[in-house]
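Working notes, beginning with the structure itself.
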Amino acid sequence: MVFGELRNVLRSTRVRILVAILLATTLAMTLVGVATYTLGRQQTLATIDDRLAHSAELIDFMVVGSGDTADAPASSDEAVDAVLRRWIFADDETAIGLHADGSTVAPSAPSAFRLDDDRTLMDTVTAEAAGSVVTGEATGERTVRYAIIPVQVTGDPEVGHVVIATDVHAALAGSRGVLAVEIVVAVICLLLLGLVGWQLAGGLLHPIRLLRDAAARITESDLDERIPVVGRDDVSELTDTVNGMLDRLDDAFTSQRQLLDDVGHELKTPITIVRGHLELLDPADPVEVAATRDLALDELDRMSSLVADITELSTAGLASTLDRESVDIAALTATVRDKAAAISPGHTWLLGGLAELTADVDEGRLAQAWLQLADNAAKYSPAGSTILISSRFEEDDDQALVLSVSDEGPGVPEALRERIFDRFTRVSSGRGVAGSGLGLSIVQAIAAAHGGWAEMEDTVGTGSVFSIKLPLAVAEEDADEDDLAIEGAASALDLDPDETAAIPRNAMAQAIALREAQDAAARAITEQERAQPESVTPVREDDFPDLVDSSASRAPRGDDT
């Protein structure tokens, strides 16, 4: 158990971050230490070589200068002895004399070590003795850098030698001391860095740990917990994103639970009705059997309609299911009015304002939602009343396309206005009311898929106005195309460019649109006179299979909100 917890700790992100920092720092400090020590060693060896060269010059001066004195040595061996008697050694230095016959002379002054105690060094030095100064490095029991200086007195053919040697290990004691200090400082720095890095990594990963703990505690039945946002960095942005995801999940699960509760409630009634009639059915009575059969079929139709509406609602709000294309909104408005007239011939359907523009929308889905509002208005409004289908473009701060249906019904009670677009919300809940209570929910879902919304104006007693609002963005290329269209239309209308130059662009566009609308109205009147004046084009149910409920034309009507 303990080993398992330790293994989990060692595998944690906090430990991996800390290990990466320490490894990188250790590598950097190692490179710096090696470079410093190498540079110090090279400088020390260069100093030793300079000192050996100076010693050779000094010995040569001593031998040549002594020839003018009264006590000048008579032979080279005596000169070697004189040099060793007068030589003063450094702390890491020694010397030895070599006579011409190969015998050695020990120095008189104390030295750091004796060359003649190490036979390997002596053999190397003896073998390299020559008539000129020889320098090098030899290794025996210790490593030395040496200089072999020949000594010869004028008049003596024999040559002696003086060997000056420096212990490399002792000479590098200072560099090793610096390296040891660097190692101690590096270890201390790594410990401090480890403590700081541990705390820093823990602080940075703290929101992630909270996120992990919250995710472990959150279940489908408890999505209320949120992670506190601390700071303004990438981790805090991640926390915001996760909190937003939790909000969406909470809304989705709440909506799902509410939908299941509502569906269960709606299905319970027809099931209870069918079961009750079947339990009381007298199989011997043909009339009762036929009545019970008709009732069961009617209730099954209601359940099938409910299931179809639920399926429609589940896909209507998905933007990915939209088949967007450029649609003439004015033509779509007229089409919806014509189709709505076939829904309820007992009402007067009028065409209101027209939005003279094109929009990138799903024409089928948008017509479906619009006709649903029209069907809902027909259920509310008394027979013979007027229902207005219109569209307009709002040019305020948030430019939007508004598709509306106005009726002369009793309006929506104040208690239901805030939830009129919720699922299964119905103004009239009596038996025989057509619809499942999902119509306005589907309208809201289709509007949301287009990036808009559905709304209702509070007009109790004077009718209701239900609208679909779709925000529209005017691109620069669209504005350029509008400019070209205005210029072309102005030319077609034979307007003087000098006279139109001072007219504002909006006024010009409105004037041209008005002229085009008038021409279109004149053409429509001419075509209507040629056809049957009072005829209404019928709409087949399979044109919009999900839009028109054949039961909508039956009386009495109720609110399918």
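Counting begins at 1 with the first residue of the sequence.
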Can you check whether [X] reaches [Y] side chain to side chain, under 4.5 Å on heavy atoms?
X	Y	answer
Ile442	Gln368	yes
Glu457	Ser464	no
Ser404	Arg392	yes
Ile329	Leu354	no
Ile273	Leu295	yes

Under 3.5 Å, is there a donor-acceptor pair between the side chain of [X] and the main chain of [Y]?
X	Y	answer
Thr25	Ile21	yes
Trp370	Leu332	no
Ser385	Pro382	yes

Pair Ser391, Thr333: side-chain N/O donor-acceptor within cut-off below 3.5 Å: yes
Looking at [X] and [Y], what are the two nearest heavy atoms and their distance?
X	Y	answer
Ala377	Val405	CB-CG1, 3.8 Å
Val465	Ser406	CG2-OG, 3.5 Å
Ser381	Glu408	OG-N, 3.7 Å

side-chain hydrogen bond (donor to acceptor under 3.5 Å, both in side chains) involving Arg248 - partner list, sequence neighbours excluded: none
Contacts of type side-chain contact (heavy atoms from CB on, under 4.5 Å), residue Leu18, not counting sequence neighbours: Leu22, Trp198
With sequence neighbours excluded, residues passing side-chain contact (heavy atoms from CB on, under 4.5 Å) with Asp301: none
Criterion salt bridge (charged side-chain N to carboxylate O under 4.0 Å, His left out) on Glu363 and Arg324, from CA distance to verdict: CA-CA 7 Å; Glu363 182 176 4; Arg324 291 179 179 268; over 6 Å; no
Given Asp294, Ile271, Val274, the one that forms side chain to side chain contact (heavy atoms under 4.5 Å, CB included) with Glu299: Val274
